[in-house]
Every structure is written in C-alpha cells, then in structure tokens.
Number of protein chains: 2
Amino acid sequence: MSTIHEVAKAAGVSISTVSYALSGKRPVSEKTRLRIEHAVTALGYQPEAGARMLAGRRTNIFALTEPLRADTHAPTHMAFVLAAAVAARQRGYDILLLTDEQASEGMNRVAASKLVDAILVLDVAPDDERVAIARSMRTPTIFIGVPDDHSDLTCVDLDFGAVGHLAVDRLADAGYSRIVLLGQTEVSYRKSNFPRRLLHGVQARAAERGVDVAWVTTGEIATDIAVVRSAVETALDNGERAFIVHAVGDVHEVLLATLHERGLRVGVDVSVISAAASFDTTALPVKIDTIPLVPQRSCEYAVDLAVRHVEGERFLPEVHLLDPEYLAAGSIAPGRG
Amino acid sequence: MSTIHEVAKAAGVSISTVSYALSGKRPVSEKTRLRIEHAVTALGYQPEAGARMLAGRRTNIFALTEPLRADTHAPTHMAFVLAAAVAARQRGYDILLLTDEQASEGMNRVAASKLVDAILVLDVAPDDERVAIARSMRTPTIFIGVPDDHSDLTCVDLDFGAVGHLAVDRLADAGYSRIVLLGQTEVSYRKSNFPRRLLHGVQARAAERGVDVAWVTTGEIATDIAVVRSAVETALDNGERAFIVHAVGDVHEVLLATLHERGLRVGVDVSVISAAASFDTTALPVKIDTIPLVPQRSCEYAVDLAVRHVEGERFLPEVHLLDPEYLAAGSIAPGRG
DNA sequence: TTGAAAGCGGTACCAG
DNA sequence: CTGGTACCGCTTTCAA
C-alpha cells in the first residue's frame, strides 16, 4: 500500500530513520520512534518484500523440499511440514514448497534466483539425490533425517539408534531375553533412512545384552493389517511376550486387540513399547510406554540451525541427533526369560 | 550468481535487450537472441527474484492457506497441496505455505507486503474466517471448496451435489427404491463444506425419484471401524442392498469385507458406488463404480483462474463447479425395489 | 531492432 | 541521534 517514504513524511523524519527504527539496527530516540510507529500503524505500512530482498541480504523465506514417495505415511509427513512451517514463522520466515518435480531442479532454481535464504530437506532417502545438490550449493541446507553418506552435510534428527537402545534396555532390565520388533513396511527399510537406524540400534543393543530379536515387517508397500495380525499371533504362539513397536497407529491397535483377545494384559502378562511414534499413543485403548518422535522438536532445531546460518554464524557440517525421551505408562511387565 | 549486466556484456548488447530477449516482450533479432542465450547458459544466469519482484509487477508466487483441522484427512489434504503445487509450478509459480497461525494474519501479511500474486484457499469451512479477509483484499483469492456465504468469491470445486444426483440416478435406474449413504465422520458434516453438499444432492434427487435414503456417519471424530461395521450389518439386516459410499479407503474395505463375509456379491446381489473418493478405488479388492474426486482437476482449474487474474484478465466472482465423471466398473446389480 | 536511463522501495554506509 | 544518498538487479518507457 504505502511506502517507507510516506511513513517518513508522515512522521517528519528521513526514510533512513524509519528503516532503522523498524529494524532496530541503530538507536532511535524514544520520541521519534513513537512518531514513526504511529505513522506506520496509521498508514498500515508493510515493507515490500521484493524491495527488501533486493536491498537487504535476506528474503526471509526457507524452501522446504518434500519428495512424497508412494510409501510415505501422509499424516506423519504432514506433521513435519506443519511443524517446519510453524517453527519458521515463529522466527520470521515463510516456507516455500518444493515438490518432487525434480527436487534438484527446484533447489537449484530457488538458490540461484536467491528466492530463499536456506533449504530444509524432508523425507530423506538413504541415497537421496538432494545430497549432491546440497553439497554443490552455497545456500545453507539442513536435512531433517540422515542420508547414508552425510559427510559435509548438516542433519537433524531424532537419534533412532538410541531409541532402539533405550527400548531394548528397558525390556532387558525387566528380564526378557527375547523380544519382537514389530516394524514398518518392508519398502521403508530400503527407501527411508530412519527405520533401519532404529532396527540397527535394537539389534546392536540386543546383541550386547544377550537378547534375541525377532524382526517383523508390516506388509510390502502399505501396512497390511492381515500380515500384522498373523505376525503377532505367530509371535505369541512362539511364546514372545515383549514387543517394541515401530509402526503407524493401526499396527498398535491390531497388536493391542490381539493381546486383548488372548486375555493377555499389557504391563502384566506382556510388555509393549512404542518406539518413535509420531502420533498420540495416549489415545490408544491401552496406555503404553512410548519413546515419541516429536516433529516439532526436529523441525525447530533444524529451523534454528538455518536461522543461525542465515544470520552469519559459521559452524561445521554436523549430524545433530536428538536424545530420545522415554515416557513410561506402565506397560512393562516382569520378564520370565 | 551473475547479473543481467554480465550477460549483456558477454553478449555485447544492452541489458534491456537481454531483458526483452528473455521475456519475449519485444522482438529481438534471431542473431542477437542466440548470442544472448549462449551467454545466459555459459554464465548460468538466473534472474534474481527480489529484483524482479521490485521492478516487475509480479512475484510469481502464490500463497496456499491450509488450516489443517483435527478432523482433516491427511492423505486427501496432502493430495490437494501437492496437486496445487504441481499445477502452480507448471505455470511458473511457486507455492508459499500459510499454516493456521491465524490464517487471517498470514493472508494480510503476504498480501500487504506484495509477497504473492494470488492466494489459494484450501480446506474450506462452511463459515470460514478467510472469507472475510478475501473480501477485504485486492489480492486475487481462489477458494478450492465452497463456503456457505460465497457471494463475491471465486470458488472452484467438484460439484458434490451433482455427484449425489448421479449416484442416486444410477441406483434408481437400476430399480432400487431404498439406498444407504455411507458417509463421513459426523464432525465433517459441520466443519467441512463438501460432505453436506453431497448429502443434500443425494437427498434431493432421492426425493425426486421416490427413493428412501438411510444416511450413516462413520464415527465421531476419527473414522471408527467398529461403528462402520455395525452400521453396515444393521443395514444389511434391514434388507438394504444399495450403497453410496462417501468415505475414506478403510470404510470401503470394511463394507466390502462385510459383504464378502455374508456371501453377497457386488454387482450381483448388492450395488456399491464410491462417491467423491480421492484415492484409487481400483486398488480395492472388488472393483466398484466410482465418481472420483480428482485433486489435480480442482487445483489446476483454480491455478488457471489465479494465473488469468494475475495476468490482468477481469472476470466476476463466481462459483465454478466441475462436472463429476462416472466410472463404471460393474458394481451395480439389478434392484428389486 | 536496439540502447539509455528512470524508477521500483528498501538497506546501510557516510557524514554531520 | 539523524539525514542524505549510493546502490541492489531488473522492467519498461522513451528515443534513436
């Protein structure tokens, strides 16, 4: 609507004073600052984005690339997108969406045209094509997730390995020597970066503690409820009584329903831990111990890194793994070996 | 990286010629155009977004507001966001995400700062707060969905009423005088704009054709599978044999499973039509007639309107309802009254 | 068919 | 503590 010139005129000062009053980059006397603020609200002044980008050094926009593979769990993905957007806004940044249409092309385009100050990378694949672009670019890029080859990359993610450790320790401490890992879809262990990290964490710690792990996946592409149910029944028939669940809500429900049908009480006859669930496990029919995956946490951390980068702070590329948190809910029963 | 000046120098022309050669807004001789193109690729020239916004009149960015209510079906919503982003990119526009954090605040901000050329509104509520903002704004705004009070608004959406008509007609034509509408969650009939439009379409046409409609909802907030199953069984017990399903994939599966258990064959003993499904119904265990809701269609139409607006075309606010398409798959059995 | 130059609306340096 | 002003890089008249 109105320009900085009009504000300056209305306040009876120069445009530079207006600019400084608004940015706070130079002390302005209380009196003139108030006059300027009045003028600003009176005129409904809003600095023009384009002019700012050109003159200033920043656009106050972050790009968010999201490939959206067929096997992506939409609700979880949405939670990350939202969390990133909210975190960015809180720090004064908008989010520009980069869909798959060649993630590479998009990243290069927004970087080269200086449309964004930084790029956030979501839904990271083990051999993600965006890794190469990120390396070849000056624009700060933060991965939310950890690709296989992450040298020279800044990554943020929940420490899925530690999640596995934590879960195994609890069950081993309770006295179990055999546990079941009820995992994700088969394809996700190949196409995604985190399921395997949790799996390896579980396996490694289990080996250390002398615990046997039975690893079960939940269908080929989509979660197959029938597969889950029969897997659970087989496990129970085999005498398994300790479960680590790394899966979507439906899988939790099937497990709990099956246990219920068999008269097995969670926290008494069997133990269940939900690992890295991004949904609200307290809404399940039975309360279970949970090591949650909180999108807000990862996204806020990532956005903070991006902001610090943009503001000129220099730091080396690094993988930032966030410590998992264990929320007990009484779902661990004493193990009998 | 490099500026238009460098390109001009490299090509031995003035910057205005470069600008025109790139925009095509003025004839440029074949020879110089080629020289310029060479320089552009050689230097990897990419015009700077900020400078363009300031000098030109456009930003080539659309805002997309998405409230993301608790009852929103994430996969469907994602499909719309993606479709909008892809459609926009194809026409040279990027998408800036506006999450709920006061949709109003965001819309005003991006409009006032001239950050975007137009705004796309998703997930429209019957009494959407964004309606008022849209009216008070000069920035072109396109609703994907139809709020109750849509005067002076440009809206695009599938004609859910016509979907209802189409579905009822098919069943009435087949000889049914009683049908079941297996609908959405209860809350969605209050918080969303489209379920009720389909419902009313069904009821209106059913009244005209002398058909009885039993309307069933699928749970309070989230789709409750147990509720669905018992509703289906009750309906079958009552002798219902014709179903219009307006629901998520899970509900279709429960219906089909229940029919299967009872030995009722779709297309032979019972009729099923999937109405306004945004997922791939051909992946269901049984093929069923479908009147699909295609996010791409609505989004492309909306983006086209936005582009035309931005390019200066003037047209009156109007609700654009897209004709539904009936995809037969042999799931209609002859009705016996 | 092409070039020169006046902005677009800010930011931030240089003076005072 | 405040003002003047040189850009930022591109678009688009106005002239040639």
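All values reported here derive from a predicted model rather than from experimental measurement. Convention: sequence-line order gives letters A, B, ...; per-chain numbering from 1. Scope of the values below: all heavy atoms of this structure, side chains included, with no hydrogens, waters or symmetry mates.
Distances shown here put every side-chain N or O of A:Thr32 at or beyond 4.0 Å from the OP1 or OP2 atom of D:dC1. Taking only side-chain nitrogens and oxygens, A:Thr17 never comes nearer than 4.0 Å to OP1 or OP2 of D:dT2. Applying the 4.0 Å criterion to OP1 and OP2 of D:dT11, one finds that B:Lys25 has every side-chain N and O outside that range. One finds a side-chain N or O of A:Arg52 lying less than 4.0 angstrom from the OP1 or OP2 phosphate oxygen of C:dT11. The phosphate of C:dA12 has neither OP1 nor OP2 within less than 4.0 Å of any side-chain N or O from A:Ser19. A sub-4.0 Å separation between OP1 or OP2 of C:dC13 and a side-chain N or O of A:Tyr20 is absent. Taking side-chain N and O atoms only, A:Ser23 has no distance below 4.0 Å to OP1 or OP2 of C:dA12.
Rounding to whole angstrom units, CD1 of residue B:Ile15 and C1' of D:dC8 are separated by 13 Å. The distance between atom CD of B:Gln46 and atom C1' of D:dG9, rounded to the nearest whole Å, is 14 Å. Atom CZ in B:Arg58 sits roughly 17 Å away from atom P in C:dG9 (whole-Å rounding). In this structure, B:Leu22 places its CG atom 13 Å from P of D:dT12, rounding to the nearest Å. For the pair B:His5 NE2 and D:dC8 P, the interatomic distance rounds to 9 Å; values are reported in whole Å. One interatomic measurement links the two molecules: CG of A:Leu54 to P of D:dG9, which rounds to 7 Å at whole-angstrom precision. In this entry the distance linking CZ of B:Arg57 with P of C:dG7 reads 16 Å, nearest Å. Rounded to whole Å, atom C1' of D:dG9 lies 13 Å from atom CE of B:Met53.
With D:dT11, D:dC8, D:dT2 as the choices, the nucleotide that has an atom nearest any side-chain atom of A:Ala55 turns out to be D:dC8. Comparing C:dA12, C:dG3, D:dC10 by their closest approach to the side chain of B:Arg26 singles out C:dG3. The side chain of B:Ile4 sits closest to D:dT11 out of C:dT1, C:dT11, D:dT11.
Among the protein residues, B:Ser29 comes within range of the sugar-phosphate backbone only, with heavy atoms under 4.0 Å from sugar or phosphate atoms but none that close to a base.
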(message) Does B:Thr99 form a side chain to side chain donor-acceptor pair (under 3.5 Å) with A:Arg89? I'd like the steps, not just the answer.
(response) CA-CA 9 Å; B:Thr99 59; A:Arg89 267 316 299 147; over 6 Å; no

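At a threshold of 4.0 Å, the pair B:Arg33-B:Glu30 counts as salt-bridged, since one of the basic side-chain nitrogens sits closer than that to a carboxylate oxygen. Classification of B:Asp304 and B:Arg91 as a salt-bridged pair holds, one side-chain N sitting under 4.0 Å from a carboxylate O.
For D:dG9, the base has no donor-acceptor partner in the side chain of B:Thr3 [N/O atoms by modelled type, under 3.5 angstrom].
Of all the heavy atoms in B:Ile95 and B:Ala85, the pair that sits closest is CG1-CA, 3.6 Å. For B:Ala88 against B:Phe62, the heavy-atom pair with the smallest separation is CB-CD1, 4.3 Å.
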